[in-house]
There are 2 protein chains.
Amino acid sequence: MLKSATNRADGQRHSMAQRIERALLDEIGTGDLRPGQRLDEVGLARRFGASRTPVREALSRLTAQGILVQGERRGVFVAEYSREELSQIFEAMHEIEAACARIASQRLTLLSRSEIEAAQVACVAAAEIGDRSQYLRANESFHLAIYRATGNPYIAEIASEFRRRTGPFRAKKFETRDDLLASARSHAELINDIFSEDSATASRSMRSHMTASFLETLRAN
Amino acid sequence: MLKSATNRADGQRHSMAQRIERALLDEIGTGDLRPGQRLDEVGLARRFGASRTPVREALSRLTAQGILVQGERRGVFVAEYSREELSQIFEAMHEIEAACARIASQRLTLLSRSEIEAAQVACVAAAEIGDRSQYLRANESFHLAIYRATGNPYIAEIASEFRRRTGPFRAKKFETRDDLLASARSHAELINDIFSEDSATASRSMRSHMTASFLETLRAN
DNA sequence: TCTTTTCTTTTTGTATACAAAATTGCGACA
DNA sequence: TGTCGCAATTTTGTATACAAAAAGAAAAGA
């Protein structure tokens, strides 16, 4: 097989290892790969038409990010969390999200306002037609827009990482169209409070949004 | 060469890749490897008496953690930050540290209190004899003890990561014995405020500690 | 002398081979 | 029937080989 960093039709110039990492991240995010599932190196290599080397690199990086965990004995698994662990992760996520909301509310620009609003429009649209996977994407854009609005890529990256890690668990709570609509309504309040440019209000509002999200997630898992 | 996950005299059972990762992390933390320095795969392989494969794995994981960065063109480098980037990183670190202090103050146990106190004793001892590298280690233990006191390994891990990332920059501000003593005195106040078990006080105190640390770091870099 | 082109060397990404552990399955023996 | 031990298989970690791409150096032309 040729070296993989080839020019692709889509113009992307990723290496095979990066492509595999992306693909796995995506499958985990959408819940396609379930927490606790074992990832077999040779199996993945066959699936992606590559050798074990780039698969190994992808798995290693995902492990370093906490998306995957190395089993005590054998194999790499999609990270799986107990109730206790989930609430610890959400506690940490609470803190980061609240900090993002606070900072974002202090640094809002016309651009970031419109990015957040645009994402919210997409959320409402997806919720109204009841398209779950479209809503998941729009919801992610919405939160990423808030992270970007902090103007701080480092805290934004941490927040995104937690979002990726909790993705498969949060995804479970969106079942019915009403779930989506309720989430979108919660966004609306959040936007109001962040756009108020009062950092304490923004932070408090994000905390309440996250608490609600957490409770629903716990119920669904 | 034999497979590397051998039983070692020190009882450690790390793979070669893990050992290389640790070693590099250590050298970066102590400032032995400078920000901006290029890490050559074959050179490292020779240095560690291994092949490129485990070196590659270590570099890949450190890159995923943001300790190293992939240069646009060629090579992996120790992450190097501009003034602007440094202040963004410290802003994020502020938030995490403040959250840790707040949570820790709410969840103090006898064990975590004594761990923090023990680390502080070591800090004072190192500062008094003016042993820089010993102080660096004791200081790290001190902050790790606070992170552990949160009872939340996830937020503790984020905090540790930021500490590792900023290590080479913070290290520069400890030059004279007086620098060490001043830092140790700052710790003492911090301990008081965290042990007061008033979360707002603890958080505020950590913010002021971090702000001071940041300003000194900026001056030194 | 400066630019452009071509050749050489280095570097990077991947494939494959192999050896050491660990796991599993099987059979012997109690 | 249960369990202990041993061989077969799988899995993991590392070494090595190789090909593509990029960087660097040297040579040719203006």
Side-chain angles (χ1 to χ4, degrees), chain A residues 1-25 33 36-65 67-80, chain B residues 1-25 33 36-65 67-80:
Chain A
M1 177 165 299
L2 295 177
K3 187 187 172 187
S4 71
T6 52
N7 291 311
R8 293 193 14 203
D10 58 8
Q12 302 265 40
R13 250 176 142 306
H14 297 308
S15 70
M16 177 63 74
Q18 286 173 302
R19 246 185 292 171
I20 294 173
E21 186 181 342
R22 286 286 196 150
L24 291 178
L25 208 47
L33 281 171
Q37 188 162 338
R38 176 158 180 269
L39 294 178
D40 171 44
E41 288 182 5
V42 294
L44 290 173
R46 257 205 312 274
R47 244 188 73 199
F48 289 103
S51 77
R52 274 177 59 221
T53 309
V55 170
R56 219 135 190 300
E57 191 167 323
L59 295 183
S60 161
R61 296 175 64 107
L62 291 171
T63 302
Q65 290 175 58
I67 312 285
L68 305 179
V69 290
Q70 260 179 314
E72 274 315 294
R73 314 253 152 190
R74 181 172 61 113
V76 180
F77 300 82
V78 180
E80 180 176 44
Chain B
M1 175 165 300
L2 294 177
K3 185 190 173 187
S4 70
T6 52
N7 291 311
R8 294 192 11 197
D10 57 10
Q12 303 264 41
R13 250 177 143 302
H14 296 306
S15 69
M16 177 63 76
Q18 286 173 302
R19 245 185 291 170
I20 295 173
E21 186 181 343
R22 285 287 196 149
L24 290 178
L25 209 47
L33 281 171
Q37 189 163 337
R38 176 157 180 269
L39 294 178
D40 170 45
E41 287 182 6
V42 294
L44 290 173
R46 257 204 313 273
R47 244 189 73 201
F48 289 104
S51 77
R52 274 177 59 221
T53 310
V55 170
R56 219 134 191 298
E57 191 166 325
L59 295 182
S60 159
R61 294 176 64 108
L62 291 171
T63 303
Q65 291 174 58
I67 312 285
L68 305 179
V69 291
Q70 261 179 313
E72 275 313 294
R73 311 255 152 191
R74 181 172 62 112
V76 179
F77 300 82
V78 180
E80 180 177 43

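Chain naming here is simple, since letters A, B, ... match the order of the sequence lines and numbering starts at 1 in each.
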What is the separation between atom [atom1] on [X] and atom [atom2] on [N], rounded to the nearest whole Å?
{"X": "B/Phe48", "N": "D/dA15", "atom1": "CZ", "atom2": "P", "value": "13 Å"}
{"X": "A/Phe77", "N": "D/dT11", "atom1": "CZ", "atom2": "P", "value": "11 Å"}
{"X": "B/Glu41", "N": "D/dA15", "atom1": "CD", "atom2": "C1'", "value": "14 Å"}
{"X": "A/Gln70", "N": "D/dT11", "atom1": "CD", "atom2": "C1'", "value": "12 Å"}

Considering all heavy atoms, the nearest B/Val55-B/Glu41 contact: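 Closest approach of B/Val55 to B/Glu41: CG1-O, 3.9 Å.
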Residues that B/Arg38 engages under side-chain contact (heavy atoms from CB on, under 4.5 Å), provided they are two or more places apart: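 Scan of B/Arg38 (side-chain contact (heavy atoms from CB on, under 4.5 Å), adjacent residues dropped) gives B/Asp40, B/Arg74, B/Phe77.
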Under the side-chain contact (heavy atoms from CB on, under 4.5 Å) test, residues paired with A/Gln37 that sit two or more places apart: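 Checked A/Gln37 against side-chain contact (heavy atoms from CB on, under 4.5 Å); matches are A/Leu33, A/Arg34, A/Val78.
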Heavy-atom side-chain proximity of B/Val76 to B/Thr63 below 4.5 angstrom: yes
DNA chain D-proximal residues of residues 51-61 of chain B, any heavy atom under 4.0 Å: B/Ser51, B/Arg52, B/Thr53, B/Pro54
Terminal helix-axis angle for the helix from C/dT1-D/dA30 to C/dA30-D/dT1, with five pairs defining each axis and rounding to 10 degrees: 0°
Results of side-chain hydrogen bond (donor to acceptor under 3.5 Å, both in side chains) for B/Glu57 - residues two or more places apart only: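 Counting only residues at least two positions away or on another chain, B/Glu57 forms a side-chain hydrogen bond (donor to acceptor under 3.5 Å, both in side chains) with A/Arg56.
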Matching residue for A/Glu21 among A/Leu62, A/Ile67, A/Leu59 - test: side-chain contact (heavy atoms from CB on, under 4.5 Å):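 Going through the options one by one, the only one that passes is A/Leu62.
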Which pairs of donor and acceptor atoms, one on a side chain in residues 43-51 of chain B, lie under 3.5 Å apart (sequence neighbours left out)?
{"residue": "B/Arg47", "atom": "NH2", "partner": "B/Glu27", "partner atom": "OE1", "Å": "3.2"}
{"residue": "B/Arg47", "atom": "NH2", "partner": "B/Glu27", "partner atom": "OE2", "Å": "2.5"}
{"residue": "B/Ser51", "atom": "OG", "partner": "B/Thr53", "partner atom": "N", "Å": "3.3"}

Donor-acceptor contact below 3.5 Å, side chain B/Gln18 vs main chain B/Ser15: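 Judged by distance alone, yes, a pair lies under 3.5 Å.
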